[in-house]
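Following: one structure in structure tokens, then a few remarks.
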Amino acid sequence: MIDFVRNVRLWFAPEEVREEGRTPDYRFSLANERTFLAWLRTALALIGGGFAVDQFLPHLRWAWRVGLALALLAAGVLCSLRAINHWVRCERAMRRGEDLPASRFPALLSVVVAVVAVVMVAVVLTGRAG
């Protein structure tokens with residue numbers, strides 16, 4: 001838990017990350033940044049999908065619409081938080097010469113998106129839209 005709190009503090013103090021270890025090849029730092037930006041794009045797509053479900057499916061029953069929208073919005077929020085945390089953890093690992101951190105988050109995100117998609121297919125096929 002203490003390491004997580006330290007990582008959260010480093011989210012807003014990247015200059016402290018630079019003080020650790022040696023500076024890695026800049027190409028690795030830039031690749032880490034591109035990965036961070038890809039996770040942010042994914043988060044924005046999930047958030048946009050959540051709003052789209054809520055706004056553009058008015059004939060979907062309220063509970064289904066809100067449940068699906070909230071699942072997508074929550075996944076977007078978690079994805080954006082994961083992006084910065086993973087960036088810090090990877091940058092620190094590269095500077096220390098350690099292995100890059102492993103994460104179960106991509107699998108969790110994939111399962112959430114798949115479940116939402118299956119529920120939406122089921123809603124469409126069963127005609128629970130209205």
Side-chain angles (χ1 to χ4, degrees):
M1 184 65 162
I2 291 173
D3 195 39
F4 177 75
V5 172
R6 178 165 162 42
N7 281 343
V8 170
R9 191 176 55 75
L10 290 174
W11 293 359
F12 304 100
E15 65 279 355
E16 287 186 37
V17 174
R18 298 182 83 185
E19 294 173 4
E20 290 191 37
R22 296 182 344 215
T23 301
D25 185 334
Y26 71 92
R27 293 173 292 183
F28 298 123
S29 290
L30 292 174
N32 190 27
E33 187 174 331
R34 285 190 301 273
T35 302
F36 166 74
L37 294 172
W39 279 107
L40 285 184
R41 285 190 301 272
T42 301
L44 287 170
L46 289 165
I47 291 167
F51 281 118
V53 165
D54 185 51
Q55 294 298 309
F56 299 120
L57 297 175
H59 299 296
L60 193 62
R61 289 188 182 165
W62 181 84
W64 286 107
R65 190 176 76 238
V66 170
L68 293 170
L70 288 177
L72 290 169
L73 290 168
V77 168
L78 290 175
C79 192
S80 65
L81 293 175
R82 189 263 185 202
I84 187 64
N85 191 50
H86 191 70
W87 177 83
V88 167
R89 291 174 58 213
C90 286
E91 195 66 29
R92 289 177 71 204
M94 287 189 297
R95 290 180 163 281
R96 294 174 175 174
E98 300 171 352
D99 289 338
L100 294 179
S103 175
R104 292 185 183 104
F105 187 80
L108 174 67
L109 181 62
S110 297
V111 169
V112 168
V113 170
V115 167
V116 169
V118 167
V119 169
M120 290 182 78
V121 167
V123 166
V124 169
L125 291 177
T126 60
R128 293 185 181 257

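Since the model is a prediction, treat every value here as computed from it, not as a measurement.
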Hphob cluster co-occupancy, Leu30 + Val17, side-chain heavy atoms under 4.5 angstrom: no

Pairs touching residues 19-31 that satisfy salt bridge (charged side-chain N to carboxylate O under 4.0 Å, His left out), sequence neighbours left out: Arg6-Glu20, Glu20-Arg92, Glu20-Arg96, Asp25-Arg27

Residue pair Gly50 / Ala69: nearest heavy atoms and the distance that separates them: O-CB, 3.3 Å

Arg18 and Thr23: CA distance, side-chain angles, deciding distance, side chain to side chain contact (heavy atoms under 4.5 Å, CB included) verdict: CA-CA 7 Å; Arg18 298 182 83 185; Thr23 301; 5.8 Å; no

Of all pairs that satisfy side chain to side chain donor-acceptor pair (under 3.5 Å), the ones with a partner from residues 33-54, not counting sequence neighbours: Asp54-Arg65

Heavy-atom check, side chain of Leu81 versus side chain of Trp11, under 4.5 Å: yes

Any side-chain heavy-atom pair of Arg89 and Ile84 under 4.5 Å: no

Considering all heavy atoms, the nearest Pro24-Arg95 contact: CD-CG, 3.8 Å

Side chain to side chain, Arg82 and Ser103, heavy atoms closer than 4.5 Å: yes

Hydrophobic cluster of Phe56, others only, ordered by chain and residue number, side-chain cut-off 4.5 Å: none

Verify same cluster id: Val53, Ile47 (apolar side-chain graph, 4.5 Å): no

Test item: Val119 and Trp64 side chains (from C-beta on) under 4.5 Å apart, heavy atoms: yes

hydrophobic_cluster_shared for Trp87 and Met94, side chain cutoff 4.5 Å: no

Side chains of Leu68 and Leu57 in contact at under 4.5 Å (non-hydrogen atoms): no

Which atom of Ala71 lies closest to which atom of Val116, heavy atoms considered: CB-CG2, 3.7 Å

Residue among Leu40, Leu44, Val112, Leu109 satisfying side-chain contact (heavy atoms from CB on, under 4.5 Å) with Cys79: Leu109

Worked verdict on Leu72 versus Phe51 for side chain to side chain contact (heavy atoms under 4.5 Å, CB included): CA-CA 8 Å; Leu72 290 169; Phe51 281 118; over 6 Å; no

Joint hydrophobic cluster, Phe105 plus Val111, side-chain heavy atoms closer than 4.5 Å: yes

Leu10 reachable from Phe36 in the ILVMFWY side-chain graph, under 4.5 Å edges: yes

Ala43 to Gly76 - nearest heavy-atom pair and separation: CB-O, 3.3 Å

Any Val88 side-chain heavy atom under 4.5 Å of Val8 side chain: no

Nearest heavy atoms of Val77 and Ser80, plus distance in Å: O-OG, 2.8 Å

